[in-house]
Amino acid sequence: MIADQQSRNSGAALAELNPQQQEAVSAPLDPVLVLAGAGSGKTRVLIHRIAWLMLEKGASPYSVLAVTFTNKAAAEMRARIEHILGMPSTRLWVGTFHGIAHRLLRTHWQDVGLPQAFQIMDSDDQLRFIKRLLKNLGYEDSNWDPKEVRSYINHQKNEVRRPTGTLQSEDPARRQLNEFYRVYQETCDRAGVVDFAELLLRAYELWSDNPEILAHYQQRFKYLLVDEFQDTNTIQYRWMRLLAGQQGIPFVVGDDDQSIYRWRGARIEHIYRFEKDFPRTRIVRLEQNYRSTGTILAAANALIANNQSRMGKNLWTDGKSGAPIRVYSAYNERDEAEFVTSRIRDWEAQGGVRSEVAILYRSNAQSRVFEEYLINARIPYRVYGGLRFFERAEIKDALAYLRLALHRDDDTALDRIINVPTRGIGAKSVDRIREHAKAHSMSLWRAAAELSKNGFAARTANAVRAFLELIRSMGSAIEGLELHEQVDHVIYNSTLLAHYEKDVTEKGEARVENLHELVNAARGFDPGEMEEDLPPLVAFLAHASLESGEGQGAVWEDCVQMMTMHSAKGLEFPLVFMVGMEDGLFPHQRSLQDASGLEEERRLCYVGATRAMQQLYMTHAEQRRLHGTDSYSQPSRFIGEIPDELLEEIRPQIHVSRPVYRPGQGSAGKRAKAAGFGATQQAGYRLGQRVQHGKFGEGVILNFAGQGAQARVQVNFESVGMKELVLAYANLEVL
DNA sequence: ATGATGATATTTTTT
DNA sequence: ATATCATCAT
């Protein structure tokens, strides 16, 4: 299921590559832009380029910097490089932009004015931080949404803008935001915490402000390789341009048609301007696809051709054209799930492997119905996405204790756990601690200490003192312990464990399990060379912030894979279901405002379709329960953009798929409600039946109501949407 | 200080 | 449907 299966150890850098791949891999030592379509072996080319540089050009591993966007991709890349070189490549820098920036900052903390033991805030920490600060500054009533403030600040940073540089704005609201940004940054600096965007910005400034340091790295990293180049945002691009300078040899690989992260700052334009910024750039196109059938590629090509702004590429294959793309029109989301489930059963019956099947959807909420049906059919599945290990509340709580035990002045940590588990220090008291801290510009810790001596009522004072003492004793108790013993000590003595053990629900059990798993993670923690000079606990905490912990405790069972189309990027599956293909859902309603939003949705659809190797299904529902109410929509326009001759419409089964009653399942009530809506057939009509109306045109029957002469029917018309008609007068023609 | 109740707003995700 | 958040009563 990982892309690029052809990668076998070839021994030589150029073996088993097609001519275009070879051209890219062995391009002269000048800047190279590889435009690589889906499934054309782009990561493979990047890896072989590194091997080629080292084996053919005698490049030292020391001179190579390879950058990716996710930790998973970085790990995979390192493994594949080691595989192809046949030796461990510890000297090679392979990492994410953030990981590399972090490493630079740990080395050069003095040059960028950070404390040696600076802490990293993940976006959740950042949000809490902003909320707290907003409160502190009395912005409570101004209807500022903390999330919007966060995205504003991050956006500024991603665009390489400091508050000082942007303060002069005409718009007063904007000026206020910038002012807040300024205070936010000051507060971060004082607390010695760094958010994700700040990692990149500081690393950028490290170089832009210190020519001699920049020169050192420019000399060292002669070869700079970037994967998924279309996902770079402004700061990342400027950073790599700085490093490349005049002498560096960047090798970037990307696909403008697979750019789906504009909403988080990625700029496709970097692909377009690359050859302007780097003279003598050689552009290589990889258009031969090794993944999908001709039909799937033809559909994907036709679809993406509707986008105006693209560099242009056409995927081709010398393989078979394969089966048509099958389109199923369900009449509601349950029918859709049942259809998919039954097709997966068929796949299994024919000896297919479950992990070769993927259900792809636009938004996470859509997974639920499929889970229900798959559970019922006893088909194991795995849902990707959702909370990762280190993002779970109980884990973050435990880590906050550790952080506080390590640095008393870590306000973010203190704020998080001062009353977790509840120990009688309520919001009011915490507010007073904040006030005091603010008034005397001191940390929350010191403020709490001072107020506990003089200023709180006896009961609160006692509670606060007990808390302070708890942290102090933790601090001294964990000194000198092994990392996993430190973690173990904290989860017990913080009473977090006992607190969650009281919760006998599944949720509570999972939390207890997670806390134990945290001890395990600490036991198995290997700082790697990036952080080997740091104290283990500091390294562990940085690791926890930077790596959210994908794949923690993953059970390797043969499972159907369920995920959003976003997270499917880079993966491939023999059998793919793209579900919820409805206008409003996909393309998503909120992207329909402007053309560029729609184009990004189309690229997402392109990404989804090109995941499929052999068989692609697209399904949509006439009626869908969304946010608790029913909505009705038309098939996605993207289906219409695929030539008819590539599609095969699957007629709804004659039996109306009414959920079967299953004894012992909890949601019988729900089901009864759904089924009890009315008959599923009525005098020549059935649910899902296409009908023609004199005035409204074509539509689909979604419901029946009433009896005899009052019998009514709900029809979703293509032109006017939902209508309820009295059968006796409607004069519907069955199609 | 805390648990219950009602209003609100619901893409996509990595670091 | 559901999760999160503010407000209110205990």
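Residue numbers start from 1 in every chain, and the chains themselves are labelled A, B, ... in the order their sequence lines are given, proteins ahead of strands. Because the structure is a prediction, the values reported are computed rather than measured. Computed from heavy atoms alone, side chains included, the values below leave out hydrogens, waters and symmetry copies.
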Quiz prompt | Euclidean distance, atom NZ of residue A/Lys157 to atom C1' of B/dT15 [Å, nearest integer] | solution = 13 Å

Self-check item: Value in whole Å for how far the C1' atom of B/dT15 lies from CH2 of A/Trp239
Solution: 14 Å

Self-check item: Donor-acceptor under 3.5 Å (A/Thr610 side chain, A/Val607 main chain)
Solution: yes

Quiz item: When we call it a touch if two heavy atoms are under 4.0 Å apart, what does A/Ser123 touch: a base, just sugar-phosphate, or nothing?
Solution: base

Practice problem: Between A/Gly426 and A/Thr96, name the one whose nearest nucleotide on DNA chain B is closer to the 5' end. | Solution: A/Gly426

Quiz item: Just by distance, do the side chain of A/Ser259 and the backbone of A/Asp255 share a donor-acceptor pair under 3.5 Å?
Solution: no

Quiz item: Is there a donor-acceptor contact under 3.5 Å linking the side chains of A/Tyr384 and A/Gln561?
Solution: yes

Exercise. Calculate the interatomic distance between A/Phe69 atom CZ and B/dT14 atom P; express it in whole Å.
Key: 13 Å

Self-check item: Nucleotide B/dT15, atom P - distance to CG of A/Asp231 in whole Å
Solution: 12 Å

Quiz item: Under 30°, 30 to 60°, or over 60°: which ring-plane class applies to A/Phe390 and A/Phe540, parallel, tilted or perpendicular?
Solution: perpendicular

Quiz item: Can A/Arg416 and A/Asp124 be counted as an ion pair, charged N to O under 4.0 angstrom?
Solution: yes

Quiz item: In whole angstroms, how far is the P atom of B/dT15 from the CZ atom of A/Arg150?
Solution: 15 Å

Practice problem: Scan A/Asn71 against the nucleic acid and name what it touches under 4.0 Å (heavy atoms): base, sugar-phosphate only, or nothing. | Solution: sugar-phosphate

Practice problem: Give the rounded distance in Å between these two atoms: CD of A/Gln126 and C1' of B/dT15. | Solution: 11 Å

Quiz item: Across the strands shown, which category fits A/Lys147 at heavy-atom distances under 4.0 angstrom: base, sugar-phosphate, nothing?
Solution: nothing

Quiz item: Strictly by modelled atom types, are A/Asp189 and A/Gln185 linked by a side-chain donor-acceptor pair under 3.5 Å?
Solution: yes

Quiz item: Over how many whole Å does the gap from A/Asp145 atom CG to C/dA6 atom C1' extend?
Solution: 14 Å

Practice problem: Classify the nucleic acid contact of A/Asp195 as base, sugar-phosphate or nothing, counting any heavy atom under 4.0 Å across all strands shown. | Solution: nothing

Quiz item: A/Glu582 side chain to A/Ala621 main-chain N or O, any donor-acceptor pair under 3.5 Å?
Solution: yes

Quiz item: Do any side-chain nitrogens or oxygens of A/Asn419 fall under 4.0 Å of OP1 or OP2 in B/dA1?
Solution: no

Quiz item: Base, backbone or nothing for each nucleotide of nucleotides 6-13 of chain B, written B, S, -, heavy atoms under 4.0 angstrom, 5' to 3'?
Solution: ----BBBB

Quiz item: B/dT15 C1' sits how many Å from A/Phe196 CZ, rounded?
Solution: 4 Å

